[in-house]
Protein chains: 2
Amino acid sequence: MSRTTINDIAALAGVSKGTVSRVLNGHPRVSERSQEAVWQAVTQTGYRANVHARSLATGRNNAIALLIAAASEQLFNDPTFAELIEGVRDGLLDSDLSLVILMGGSEIEDHRTVSYIKAGHVDGLIHLNPFIDDPITAGLADSALPLVLCGPRPPIPLPRRNWLVTMDDVGGVRQALDHLASRGARTIAMIGGDPRGVSAGIRFQAYRDWLGPNFDPDLFEPGDYGTGSGNVAFGRLPDRRPGIDALFCASDRMAIGALETAYRRGRHVPGDLLVMGFDDHQIAAQADPPLSTIHQPIREIGRTAASTLLAAMAGETPSDKIFPTQLVVRGSTWPQSTPTDSH
Amino acid sequence: MSRTTINDIAALAGVSKGTVSRVLNGHPRVSERSQEAVWQAVTQTGYRANVHARSLATGRNNAIALLIAAASEQLFNDPTFAELIEGVRDGLLDSDLSLVILMGGSEIEDHRTVSYIKAGHVDGLIHLNPFIDDPITAGLADSALPLVLCGPRPPIPLPRRNWLVTMDDVGGVRQALDHLASRGARTIAMIGGDPRGVSAGIRFQAYRDWLGPNFDPDLFEPGDYGTGSGNVAFGRLPDRRPGIDALFCASDRMAIGALETAYRRGRHVPGDLLVMGFDDHQIAAQADPPLSTIHQPIREIGRTAASTLLAAMAGETPSDKIFPTQLVVRGSTWPQSTPTDSH
DNA sequence: CTGAAAGCGCTTACAG
DNA sequence: CTGAAAGCGCTTACAG
């Protein structure tokens, strides 16, 4: 009934437990004979090393944590996260590290997450969406663990060893606005992202800078990246500021919400309103009309975050990675196409 | 630089490490004097016990795993999961167990998840959405760990010690269909849920049983719980089977997709089509018209799953819990209300 | 109430 | 190539 241990294997294989350990860890100088005997005993018994004993002996955990600032419904509604997580898992696939997902949100949960990490459960960290004043990140300020941020650096102290793997927010915003301008837009409004996140502020600033003297606070409405907030925001903008002929949204989902509201209000896209999203999720291509947007290589960001962390944990010194975005033009800014249901 | 250990605390407090351990674990018989000295030393140094040493000594992990069959985009689009997870976290809040989230999907990931559990990282399991032929559950068939299923029992061998915490699928379906009938529906179509999951089959069967001799395969269309699949499914149903005057969807999101398609096709809800969802998410109340639906106490299911597991881990023998559902009537089946935008 | 000691199951220099 | 032994940092009977 009691679990088989390395001693059982040693006895079965007729070697010392030191040799068992060497075989299990792929140590270079072990005789064929020993190897065979050990593997035979291992498969026969279904033996698995006790991870705690191993960690205690080596000081390593073979686990990394995926940090998520808050587990709101919004988060779970956001395809970006699903893709980012998939990417990270991809990047970990041929390491044997396990991935522990930790979420903040309430004070208790933030505290618990920080505790878990400080208790030494993991060897490295990937933070998916640091907030501006992120309590988890803040709680780790004096940690020696390597941290990879998927997003811009928040303005608070970080662990000493940290890296950035993200995409070029500012460049993406410019691509969108340049494109709208090239399509003849004169008055471009913006619906921004969740202001708790760092990138929402950066995208807003990029928009403001691009407009320069033409910037008008009435042209901007904050959102939370979700469809509903796009609906609401575009319900307000045109009343407050007439003459809007183009709309740039910080996420595809908000753009789709806005599209819906525009439709209900009888505004024709792209006929009398150009609309752009940001993300290039599946939903963008499926929208009616199909949504022009800024493509970000989310999955690759996730993968790269993982490989960067692996490198850092191996003692290398990887570099930050900022991926370029890419303009994707579809019906919502494409005057030629007249979207119809039939045909 | 090296981490403080129990020995450092013992030295600082002037007691043996046995006493330190007793204080830390709240052992009943320790002198005030020792307690104070130890806590003082602990706070002064910021000491935290090494979890691996502790686990090795006690044989316990103080961690449980939350299993998710597959991390598709659909999953992350589903508010049910967010709520369920929140509920579980709620239920764990005043234990000091940590929650490790493990996901399956590909073969590698399923294997990895099973491995992680078998390697002895956790003391208990909560499975959020067992599939009919769930590879993770199957991999754990001979496990001695307690398992709580949030959903119906899949037709494959489970760990010996398992419990169900879920809601009454069949009752919910009947409530919906009875309600539609009471509103005068004659020909009720259904859009079903993700057929990989166990409850989708049960809901379909309940629908079929309810219709009895009136059941017609052409009235049923499978979906995946997501909005898009509601759109698609309701795009097909009326063409294939004229005369449909009511639609029951296995999720609110599919119902909203169907509502959209109905709107575009000029069908008036509830005037010439009654529509019901299932879940009672926020989005149901916000839909246009507001969606009648079947309320399930998701958050409480999550909380109860956690407390049931805690009880099982403490050696008690909790009972299964099947929560009743509740009918929620709104505009989509409420003939009196004529939804309009402007008041 | 508390100390000394054994033990949890591994890994890894150290000799040979 | 390999065994014997020390050590990782805790917990917990066992005495006292």
Open item on the list: Restricting to salt bridge (Lys or Arg N to Asp or Glu O under 4.0 Å), what partner residues turn up for B/Arg60, sequence neighbours left out?
Closed with: none

TODO: Just jot down the side-chain contact (heavy atoms from CB on, under 4.5 Å) partners of A/Asp133, sequence neighbours excluded, or say none.
DONE: A/Ile156

Open item on the list: Tell me every residue that passes side-chain contact (heavy atoms from CB on, under 4.5 Å) with A/Ala10, counting only those two or more places apart in sequence or in another chain.
Closed with: A/Lys17, A/Val20

- [ ] If a pair satisfies salt bridge (Lys or Arg N to Asp or Glu O under 4.0 Å) and one of its residues is in residues 105-116 of chain B, list it, with sequence neighbours excluded.
- [x] A/Arg89-B/Glu109

TODO: Identify, with sequence neighbours excluded, every residue that meets side-chain contact (heavy atoms from CB on, under 4.5 Å) alongside B/Gln44.
DONE: B/Leu12, B/Gln40

Task: Set of residues satisfying salt bridge (Lys or Arg N to Asp or Glu O under 4.0 Å) with respect to A/Asp123, sequence neighbours excluded - done: none

Open item on the list: Considering only residues two or more places apart or on different chains, which pairs with a residue in residues 102-158 of chain B satisfy ring-ring contact (aromatic ring centres under 6.0 Å, His included)?
Closed with: B/Tyr116-B/His121

Task: Between C/dT12 and C/dG16 - C1' atom distance, rounded Å - done: 16 Å

Open item on the list: Protein within reach of the bases, or only the backbone? For nucleotides 7-12 of chain C, mark each nucleotide 5' to 3' as B, S or -, using heavy atoms under 4.0 Å.
Closed with: BBBBBB

Task: Listed once per pair and sorted, the ring-ring contact (aromatic ring centres under 6.0 Å, His included) pairs that draw on residues 17-63 of chain A, sequence neighbours left out - done: A/His52-B/His52

TODO: Report the residues that fulfil salt bridge (Lys or Arg N to Asp or Glu O under 4.0 Å) with B/Arg160, sequence neighbours left out, ordered by chain and then residue number.
DONE: none

TODO: Both distances under 3.5 Å, Watson-Crick or G-U wobble: on that basis, could you give the dot-bracket string for DNA chain D, with [ ] for crossing pairs and | for other-strand partners?
DONE: |||.||||||||.|||

Open item on the list: With the threshold set at under 4.0 Å for non-hydrogen atoms, list the residues of residues 29-44 of chain A touching DNA chain D in residue-number order.
Closed with: A/Arg29, A/Val30, A/Ser31, A/Ser34

TODO: For A/Ser31 and A/Ser34, test the side chains for any donor-to-acceptor distance below 3.5 angstrom and give the result as yes or no.
DONE: yes

